[in-house]
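I have placed the structure first, in the form of structure tokens, so that the comments after it can refer back to it.
Counting convention: from 1, in listed order, for ligands and their atoms alike. From a predicted model like this one, the values you see are computed outputs, not experimental measurements.
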Amino acid sequence: MDIQALHDIAVAMVEPGKGILAADESTGTIGKRFDSIKTESTFEKRRDWREMLFRTQPAMTNHISGVILYDETIRQDAADGTSLVSLIQSSGAIPGIKVDMGAKPLAGRPGETVTEGLDGLRARLAEYYELGARFAKWRAVIEISHPDQYVGMTPTIGGIKANTHALGRYAALCQEAGIVPIVEPEVLMGGHHNVDRCHEVTETALNSLFTELYEQGVKLEGIVLKPNMVVAGQKCTMQPSREEIAERTIKVLKDTVPAAVPGIAFLSGGQKNEEATRNLDMMNKIGGFPWKLTYSYGRALQQSALFAWKGKAENYDAAQAAFNHRAKMNGLASKGEWTEEMDKAG
Ligand code: 13P
């Protein structure tokens, strides 16, 4: 393992002003996104949509350090025959790949899931490296049960450990293959729980994760962490301010994430576009932590472009303008230089 090479990739992924575009929706998930714009999800339409994003300038050159791809996309060509991987590379961004096989029900733990995909992963990583991937993503899903539920309350320690153990094994395999692992233990933000509960569960999950990474021999200089922010469940009546979200998120990260980790790139997890930008910006305005804090957004980078596009070629320019704007706003947030006025003016 060349740890310096892994470290250099991780540092490039979290370069200030830039972040990661999560365009790795599985065929099922992209189908749901296309349903929302009444567009049929075909091989060509998925290609058109992603090609449009990867050709967007200056967003790709100035604000996207890396793109997470899905298995179909890493093998796909643009309409003119250029591979989508080359398109990404030509803007200076790094291609990455989602390698997990999704969250499946965890035996013995009703209401919890464990992410699968370890079997055969060494061979798949070697192929993805040949195809151009220099980083990977694995997402563990941690769901908080309803606050009134006592029997069958989730997550359990067993559920968290099953997931973080898999993340540790995945990360070690990635580093062996010369690929930087994005480790993503996502505490879901749907539900009725309050911000205290999200804080507690996120802290437990991250502590468990870093224990596993250590036990599996993962070198922290060559990873990128992709966590949730500490927020209240979307159905909770008490919603914290941006200051509270930022302060609590920084606190949990300081309590659990070693300074050797080069960067942390948040998921948006269903936060509204501007909310995801504003919360990231707030953390960077506060500052005082050892890692870079940036974005690895799926929905919060793509949604406005998706609604502008509506599956129609004539909306290409409007969709690119929407993506340019969100990428620029998040780029500013990664440096703590975003303002609401700039966002609205766009
Ligand atoms: P969202 O930003 O839409 O949550 O997607 C990020 C991601 O890659 C989740 O795994």
> Should one rank Gly270, Ala300, Ser268 by closest heavy-atom distance to atom 2 (O) of ligand 1, which comes out on top?
Replying inline: Ser268
> Considering only the protein, which heavy-atom contact is closest to atom 4 (O) of ligand 1, and what is its distance?
Replying inline: Gly269 N, 2.7 Å
> Quick one: does Lys137 get within less than 4.0 Å of ligand 1, heavy atoms only?
Replying inline: yes
>> Looking at Arg248 and Glu244, is any side-chain nitrogen of the basic one under 4.0 Å from a carboxylate oxygen of the acidic one?
In response: yes
> After noting the C-alpha distance and the side-chain angles of Trp49 and Tyr316, does the key distance pass the ring pair (Phe, Tyr, Trp, His ring centres under 6.0 Å) rule?
Replying inline: CA-CA 9 Å; Trp49 163 243; Tyr316 194 96; over 10 Å; no
> Do you see a donor-acceptor pair shorter than 3.5 Å between the side chains of Ser304 and Arg326?
Replying inline: no
> Which one of Lys226, Glu184, Arg139 has a non-hydrogen atom at the shortest distance from atom 8 (O) of ligand 1?
Replying inline: Lys226
> What are the atoms of ligand 1, with element, lying closer than 4.0 Å to any heavy atom of Ser296?
Replying inline: 6 (C)
>> With a 4.0 Å cut-off on heavy atoms, is Lys98 in contact with ligand 1?
In response: no
>> Considering non-hydrogen atoms of the protein only, which is the closest contact for atom 5 (O) of ligand 1, and what is the distance?
In response: Gly298 N, 3.5 Å
> Would Asp24 and Lys137 pass as an ion pair if we require N to O under 4.0 Å?
Replying inline: yes
> With a 4.0 Å cut-off on heavy atoms, is Ala276 touching ligand 1?
Replying inline: no
> For Asn228 and Thr202, does a side-chain donor sit closer than 3.5 Å to a side-chain acceptor?
Replying inline: yes
> Charged N to carboxylate O under 4.0 angstrom, Asp100 versus Lys98?
Replying inline: yes
>> Do the side chains of Glu186 and Lys226 get close enough for a salt bridge, i.e. N-O under 4.0 angstrom?
In response: no
>> Only heavy atoms of Tyr297, strictly under 4.0 Å: list the atoms of ligand 1 that pass.
In response: 2 (O)
